[in-house]
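Working notes for the structure below.
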Amino acid sequence: MESATRDAFERAFGRPPVRAARAPGRVNLIGEHIDYCGLAVLPMAIERAVRIAFVARPDARVRLVNADGARFGPREFDLSTAIDPAPRGDWSNYARAAAQALAREHGARCGIDALVAGDVPPAAGLSSSSALVVACTLALSEANGIDARREMLMDLCARAEHYVGVESGGMDQAASLGGQAGCAVLVEFDPVRATPVPIPAEWQFVVARSAVGVEKSGRAREAYNARVAECRAALAGVRAAPAARGWPSTWRALVADIEEQRLLALSSTTLDGLLSRRFRHVVTEGFRVQRAVRALERADAAEFGRLMDLSHASLRDDFEVSCPELEALTAAARAAGALGARLTGAGFGGAIVALTRADEAGRIESALRAHPVAARDHDAVFRASAAAGASLGS
Ligand code: GLA
């Protein structure tokens with residue numbers, strides 16, 4: 001633990017911290033808006049992380065102080081199986097989410113004094129919120145002597161986060177817990193599994209944040225939940241078609257068992273325009289993830305980049321989660337020579353990710369940094385390296 005963290009903890013709580021939890025953010029490389037359909041996705045954990053210094057308490061009180069106290073004031077609540085949420089958008093709701101799930105599912109009773117710090121940019125589509133849920137879950141598990149397996153935590157954290165009112169899937173939590181240095185993480189669901197896939201050394205992913213912030217539990221919440229409901233309706237609509245008699249019931253089995261063109265042909269004659277576009281995104285993105293994993297395994301950067309471009313177009317045209325700023329940044333990355341570029345995370349604002357050869361990354365970064373719609377702080381554009389998953393330390 002850094003001495004600045006230790007000092008800040010002592011100033012806040014009058015005693016030294018004992019343990020530290022670290023949970024990274026993530027950048028999703030491909031497989032967007034399909035995790036909640038149970039389809040595999042391919043993110044990677046990044047070096048930016050939420051870090052919590054903490055001490056277990058003998059009672060149920062959870063006291064949180066944020067290192068960025070000007071933006072995120074101190075919060076307190078009691079750990080229980082029914083924790084009242086703070087107002088919508090309040091940062092402590094992610095800690096409340098973790099605490100309630102651990103109390104309900106593992107009988108957690110002990111609270112913590114905790115100093116929360118980190119460098120995952122918030123509201124950027126890089127999963128600062130899930131990193132906070134994961135870090136709090138690790139800290140509270142440790143304080144309560146809960147010995148948790150990674151997959152169990154992935155599952156628990158994903159469900160816990162529904163507390164904030166977003167029906168999100170399990171990608172972010174699995175990436176944060178399952179990351180490995182130098183590797184993308186193939187996340188599969190039901191049951192959740194995270195398999196590392198090495199990224200060739202000469203590949204470089206560059207992340208650029210747009211000036212449009214996107215808070216999952218804020219402005220984007222209704223639009224996100226609407227997509228989840230539309231996907232459900234699209235699947236039900238296709239399955240009800242007489243021509244789909246005998247087809248499997250889940251997206252995963254459909255993508256595994258039925259040819260892409262047959263799925264698309266049936267959906268376009270069965271569903272209305274909007275649901276048919278949503279269906280097409282989910283199916284084509286599901287197949288793109290499979291192709292992207294193969295491209296990664298054979299170090300075919302051109303093909304991986306092409307799939308990123310196709311993913312972006314599908315998110316824009318069929319899933320309708322892009323915005324002018326993300327269009328401008330992906331176009332700028334491509335114009336500067338990126339092999340592919342796409343919005344990353346839920347969309348509606350936030351960030352893009354571009355793939356380039358490492359020796360050409362500087363040119364892409366300069367073009368993105370100079371773009372008028374990029375965020376204006378020093379941290380708006382950065383090279384993302386695949387980092388290790390969440391951990392506990394001292
Ligand atoms: C958010 C959610 C994820 C996932 C992405 C879109 O990050 O938390 O579960 O659905 O959006 O791919």
Closest contact, heavy atoms only, V214 versus A220: CG2-CB, 3.6 Å
Step-by-step side chain to side chain contact (heavy atoms under 4.5 Å, CB included) determination, M308 to L339: CA-CA 9 Å; M308 289 173 76; L339 297 165; over 6 Å; no
Single-linkage hydrophobic cluster, 4.5 Å side-chain cutoff, V65 and F72 together: no
S176 side chain to D172 backbone, donor-acceptor under 3.5 Å: no
Charged N-O contact under 4.0 Å between D113 and R63: yes
Sidechain-backbone polar pair: R19 side chain, G393 backbone, donor-acceptor under 3.5 Å: yes
4.5 Å side-chain heavy-atom contact, V289 and I34: yes
Side-chain touch Y94/V116, heavy atoms, less than 4.5 angstrom: no
Verdict with supporting geometry, V197 and E297, side chain to side chain contact (heavy atoms under 4.5 Å, CB included): CA-CA 7 Å; V197 187; E297 284 168 348; 4.0 Å; yes
Heavy-atom closest pair, residues G25 and V120: N-CG2, 3.9 Å
Side-chain donor or acceptor of R150 paired with backbone N/O of G178 under 3.5 Å: no
Gap between atom SG of C231 and atom CG of L275 - 0.5 Å precision: 9.0 Å
L296 side chain reached by L42 side chain, heavy atoms, under 4.5 Å: yes
Main-chain N/O of G165 paired to N93 side chain as donor or acceptor, under 3.5 Å: no
Basic-acidic side-chain contact under 4.0 Å: R291, E260: yes
Gap separating the CD1 atom of I30 from the CG atom of L310, nearest 0.5 angstrom: 8.0 Å
pair S394-M1: side-chain heavy atoms closer than 4.5 Å: no
N144 (side chain) donor-acceptor with I146 (main chain) under 3.5 angstrom: no
CZ on R221 to CD on E167, rounded to 0.5 Å: 10.5 Å
Within one Ile-Leu-Val-Met-Phe-Trp-Tyr cluster: L115 and I52, side-chain cutoff 4.5 Å: no
Parallel, tilted or perpendicular, as decided by the 30° and 60° cut-offs, for the rings of F304 and F205: perpendicular
Hydrophobic cluster membership, V18 vs L64, 4.5 Å side-chain cutoff: no
Heavy-atom side-chain contact between E188 and R193 under 4.5 Å: yes
Minimal non-hydrogen separation, L264 against T284, with atom names: CD1-CG2, 4.0 Å
Beyond-backbone contact of R15 with V55, side-chain heavy atoms, under 4.5 angstrom: yes
Distance (rounded to the nearest 0.5 Å) between I352 CD1 and T344 OG1: 9.5 Å
Aromatic plane relationship, F9 with F13 - under 30° parallel, 30 to 60° tilted, over 60° perpendicular: tilted
R245, CZ atom: more than 12 neighbouring heavy atoms under 6.0 Å: no
Main-chain N/O of F382 paired to D379 side chain as donor or acceptor, under 3.5 Å: no
D147, CG: over 12 other non-hydrogen atoms inside 6.0 angstrom: no
Test log, rule salt bridge (Lys or Arg N to Asp or Glu O under 4.0 Å), inputs E222 and R88: CA-CA 13 Å; E222 276 70 33; R88 178 171 169 171; 3.0 Å; yes
Short N-O contact, D359 and R357, less than 4.0 angstrom: yes
Ion pair R11/D7, N-O distance below 4.0 Å: no
Least distance between heavy atoms, A86 atom then S92 atom: CB-OG, 3.7 Å
hydrophobic_cluster_shared for V212 and V321, side chain cutoff 4.5 Å: no
Any donor-acceptor pair under 3.5 Å from H33 side chain to V282 backbone: no
Candidate pair D78 and I83, rule side chain to side chain contact (heavy atoms under 4.5 Å, CB included), full reasoning: CA-CA 7 Å; D78 281 323; I83 302 174; over 6 Å; no
Trace of the side chain to side chain contact (heavy atoms under 4.5 Å, CB included) decision for L153 with S141: CA-CA 10 Å; L153 287 178; S141 301; 4.3 Å; yes
Any donor-acceptor N/O pair, E32 side chain to G345 backbone, under 3.5 Å: yes
Atom pair OG1/CG of T81 and L102 - distance to nearest 0.5 Å: 12.5 Å
Contact check, side chains of L368 and L329, non-hydrogen atoms, under 4.5 Å: yes
Any side-chain heavy-atom pair of C323 and L326 under 4.5 Å: yes
N/O donor-acceptor pair under 3.5 Å between E325 side chain and V373 backbone: no
Rounded distance [0.5 Å steps], CZ in R26 versus OG in S128: 9.5 Å
Nearest heavy atoms of A301 and L355, plus distance in Å: O-CD2, 3.6 Å
Qualifying side-chain hydrogen bond (donor to acceptor under 3.5 Å, both in side chains) pairs, either residue in residues 298-323, two or more places apart: R277-E320, R278-E320, R280-D318, H281-S314, E285-S311, R288-S314, R298-D300, E303-R306, D309-R334, S311-R342, H312-E327, R316-E327, S322-E327
Minimum heavy-atom distance between W247 and V238, given as atom pair plus value: CZ3-CG1, 4.3 Å
Proximity of F279 and W251 rings by center, below 6.0 Å: yes
Donor-acceptor contact below 3.5 Å, side chain R252 vs main chain F189: yes
